[in-house]
Each structure stands twice: as structure tokens, then as C-alpha cells.
Engineer: 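Got a structure for you, written out below as C-alpha cells; questions coming shortly.
Given the structure is predicted, the values throughout are model-derived calculations rather than measurements. Residue numbers run from 1 in the order of the sequence given.
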Amino acid sequence: MPLLFILLPTIGITAIYFLRKYLFKGKANKGIKEIYQTIENRRDELPAYKIPSHYFNGFLTVIFGGSTGIEVSTVVATAAIGSAAHNKKTIANIYKTELICAGIAAGIATLFGSPLVGFLFAVEVIAKKLTKTIFISCACSVLVAWGFMFLFDHDKLFNFTVVHWNFYAAPYLIILSIVSGFVAVYFTKTVIFLKDRFGKINNNFIRVNAGAILVGLSIMCFPQLYGDSYSAIPGLLNQINHQSFTISLVLLLATLVILKPLVASLTLGAGGDGGVFAPSIVAGAILGMLFAVMLNHFFNTQLIVLNFALVGAAAALSAAIHAPLTSVFLICSVVTGGFVLFIPMIIACFIAKYSAQSICSYTVYSYKGAYKTKLQS
């Protein structure tokens, strides 16, 4: 029933609100910004309740349709594990940053099935530096995570195979990279604006339900927006491959590029758990599809749509979190043969990052302003 799409986000975000209020004593989750504050301030710690809090809240957000992903929930929960180890009165007490980064590296490595991605994310996004102790701690943690991956089945995120890259597509890649940077800035500004606006709503019932209903209406009109939206990517690519060019297809892709960041921001503003990771990947992939489809139709460029979807995903993620190396290796690892695109992808990621930085110097993670958060009754 279409009405379920409206009801489910309301159930999920309301459940999160009551969990935060009664089980976790009204303490709001601030995402990756909490990790930065903990690392920068010696007296700050990530309390142990962050582990179950982000686990349950991230799960409830995505499973009930909240248009984010579980990546940021995983990052903060595993960072809290590292912080808990640091609090022990042992030699580990002096290695706060190293232990937090080690926990995050293992979590991301397991989530995406790539030890290198976990290592790079911890170094490039969290620590923002590479010392001998950070290298050793993160390397050890991802190796342990890699060992666990052998015990469990871990398929690629997308069941596609990259065959080759046409070098004549390079000029179009540069344009896509710049546009991806602009989309990432749009996402960053939207998240900050909506979280601030929702935080100023005094009535919790209105804040939670207004956001959830808007998310639900969007999902009802565009089911591709449900949850992290990773499952929508194969469907859209198959639709492109088996359907002739139509204006309705172009409008669908363009609308999804605009709505995915907006609906993700509404989810976060209403109280859902998550971040910009999955929405950036999805919005960038759909942007790449749209870009290739339009150029193929109007200019007969014969671009490979899958390639541009993957490059768009990497470029948008790089611009959103200012982490080109993490983005390249992550997207290369989610499909078979992804490293065929390594060179064009790394070019795209750096162009997208610097395009975004030329407009907006901060990300959602590094934004220094304070969100106003209300959890009172």
C-alpha cells in the first residue's frame, strides 16, 4: 500500500525519538562531529551508550525508509568502542586517537568488504594525518577485520562488471566531476539548513512527524528514495539499458538527483540517524547516469552509462566528505573490475573535491556551527 510509505518513516523516527528520550537519557547524537570533538579535546570522551544508540537508531532509520545509510552510524559506534578501550587504565590510555581510528577502520572495512577503504577513511577523514602509531593501529585493525570477512560471505555491493574505459570520454568526465562538486555542496548546505530549522521547532510531535511525513510523501512518489537507495541503482541502470530515451526517464533521474539529498536532510532534521555517505553515492551515481544518457542521446557520444554512474558516485562522495582517496578505492571495490576505472576516477575525485571547496570550504562533518537540538517533552 502506498500509504505505508508515509507511515513507516513516522514509526521509525518516532521510535528513535523515544529511544533517545527514555533509554539514552535525552542525549542527542551528533554524528562524526562528536568524534572530532573527542579527538581535539583531551577531556572529551565518546560514552559507551553511543554503541547501542547508533546501532539501533541507524537500523531503525534505514529499515523504516529514512533516506540515509548506516555508514555514519557504524563509524560513531565503532569509534565509541575504540574510545571505551582508551578509557581503560592501561598503556592504551595514551593512544586515544589511534584506538578511535582503529575501531572506525575495522567498521568501515567490514561494511564495504575492503580493508584499504577502512584504513583510508580512518586516516583521511578522521585522523587527517598519518603517524607511525596511527598507521600501525589502523593496519592491525583492518587486518583483523579482513580475517573476519573470510568467515562470512561478503558479496559486492553492486552486481555489475566494469569492462573498459574509453579515453575519449575524458572531457565529459571533467564536466561531470565539476557538476558532482556542485551537487555535494547543495547537499552540505541543505543538511545544515534543515537541521538548523528543525532544531528550532519546540514541539517534538510537530518536528518528528512533519519531517517523517515529508520523507514518506517523497518515498510514496519516488520509491527509489527508500532507505539508503543502493537497491535503486541496479533498477535504474536496467531501465536505461532496456528502454529507449524518453523525457520521463530524464525527468525521473533529474528529480532523484535533487530529491535524494533533500529527503536525506529531512530524515536527519526530523531526528533520523545517518549522514551524507550513502546519499552522496546514490545522488552521484544517478547524476552520472543522467549525464551519460543525455550526452548519448543528443550528441551520440556512446558513453558507457555504468562507468559514468560509478565515476559520478565517487566524485560526489569525494566532494561531500573531502576524501578523494577513500572515495576512489571505495567505489572501485563495490563492483567487479572496478579498478579498470581507477585513473579516471581519481582524476574525477580530485576535481570534484576542489570544485566543492572553491564554493564551500567545509563539509557536514567539519562544519563549525552548532545545530540546535531539542529533546524535551
Engineer: If you look only at pairs with a residue in residues 239-271, which of them pass as a ring pair (Phe, Tyr, Trp, His ring centres under 6.0 Å), with sequence neighbours excluded?
Structural biologist: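 Checked against ring pair (Phe, Tyr, Trp, His ring centres under 6.0 Å) - neighbours excluded - the pairs reaching residues 239-271 are F245-H297, F245-F298.
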Engineer: Strictly distance-based, threshold 3.5 Å: is any side-chain N or O of N307 a donor or acceptor partner for the main-chain N or O of H164?
Structural biologist: yes
Engineer: When the side chains of residues 331-338 are checked against the rest of the protein, which donor-acceptor pairs come out under 3.5 Å, sequence neighbours left out?
Structural biologist:
unit_1, atom_1, unit_2, atom_2, d
S333, OG, F329, O, 3.2
S333, OG, L330, O, 2.7

Engineer: Donor-acceptor pairs under 3.5 Å, side chain of residues 280-295 to any protein atom, not counting sequence neighbours: which ones?
Structural biologist:
unit_1, atom_1, unit_2, atom_2, d
S280, OG, V276, O, 2.6

Engineer: Going by the rule side-chain hydrogen bond (donor to acceptor under 3.5 Å, both in side chains), which residues pair with Q224 if we only count those two or more places apart in sequence or in a different chain?
Structural biologist: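 Partners of Q224 by the side-chain hydrogen bond (donor to acceptor under 3.5 Å, both in side chains) criterion come out as none, since no residue qualifies.
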Engineer: List the residues meeting side chain to side chain contact (heavy atoms under 4.5 Å, CB included) with L251, not counting sequence neighbours, and say none if there are none.
Structural biologist: I247
Engineer: Give the other cluster members for M149, using side-chain heavy-atom distances under 4.5 Å between Ile, Leu, Val, Met, Phe, Trp and Tyr residues; answer none if it is isolated.
Structural biologist: L143, W146, F150
Engineer: Do K195 and S265 pass the side chain to side chain donor-acceptor pair (under 3.5 Å) test, and can you show the C-alpha distance, the side-chain angles, and the key distance before you say yes or no?
Structural biologist: CA-CA 7 Å; K195 288 191 75 170; S265 302; over 6 Å; no
Engineer: I'd like to know if D273 and R20 make a salt bridge, using a cut-off of under 4.0 Å between side-chain N and carboxylate O.
Structural biologist: yes
Engineer: Same cluster or not: are V163 and F342 linked, directly or through other Ile, Leu, Val, Met, Phe, Trp or Tyr residues, by side-chain heavy atoms under 4.5 angstrom apart?
Structural biologist: no
Engineer: Can you see whether Y36 has K128 sitting over its ring - NZ or CZ less than 6.0 Å from the centre and within 45° of the normal?
Structural biologist: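 Satisfied, under 6.0 Å and within 45°.
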Engineer: How would you list, by chain and number, every residue that makes a side-chain hydrogen bond (donor to acceptor under 3.5 Å, both in side chains) with T68, sequence neighbours excluded?
Structural biologist: none
Engineer: Can Y186 and L262 be said to form a side-chain contact (heavy atoms from CB on, under 4.5 Å), step by step?
Structural biologist: CA-CA 9 Å; Y186 156 65; L262 177 60; 3.7 Å; yes
Engineer: Side-chain polar contacts of residues 6-14 - donor-acceptor pairs under 3.5 angstrom, sequence neighbours left out - could you list them?
Structural biologist:
unit_1, atom_1, unit_2, atom_2, d
T10, OG1, I6, O, 3.2
T14, OG1, T10, O, 2.6

Engineer: In residues 347-357, what donor-acceptor pairs under 3.5 Å come from side-chain atoms, sequence neighbours left out?
Structural biologist:
unit_1, atom_1, unit_2, atom_2, d
S355, OG, I351, O, 2.7
Q357, NE2, H322, ND1, 3.4

Engineer: Is there a donor-acceptor contact under 3.5 Å from the side chain of T267 to the main chain of V263?
Structural biologist: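 Flag set: sc T267 to bb V263 pair under 3.5 Å.
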Engineer: Looking at T131 and I134, would you say the former's side chain and the latter's main chain have a donor-acceptor pair under 3.5 Å?
Structural biologist: yes
Engineer: With sequence neighbours left out, write down each residue that passes ring-ring contact (aromatic ring centres under 6.0 Å, His included) with F59, or none if nothing qualifies.
Structural biologist: none
Engineer: Determine yes or no for a side-chain-to-main-chain donor-acceptor pair under 3.5 angstrom, with N241 supplying the side chain and L237 the backbone.
Structural biologist: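 Answer holds: yes.
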Engineer: Sequence neighbours excluded, which residues qualify as side-chain hydrogen bond (donor to acceptor under 3.5 Å, both in side chains) partners of T78?
Structural biologist: none
Engineer: Taking N166 for the side chain and Y168 for the main chain, is one N or O donor matched with an acceptor at less than 3.5 Å?
Structural biologist: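 No, N166 side chain to Y168 backbone: no donor-acceptor pair under 3.5 Å.
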Engineer: Output all residues satisfying ring-ring contact (aromatic ring centres under 6.0 Å, His included) with F112, sequence neighbours left out; order by chain, then residue number.
Structural biologist: F277
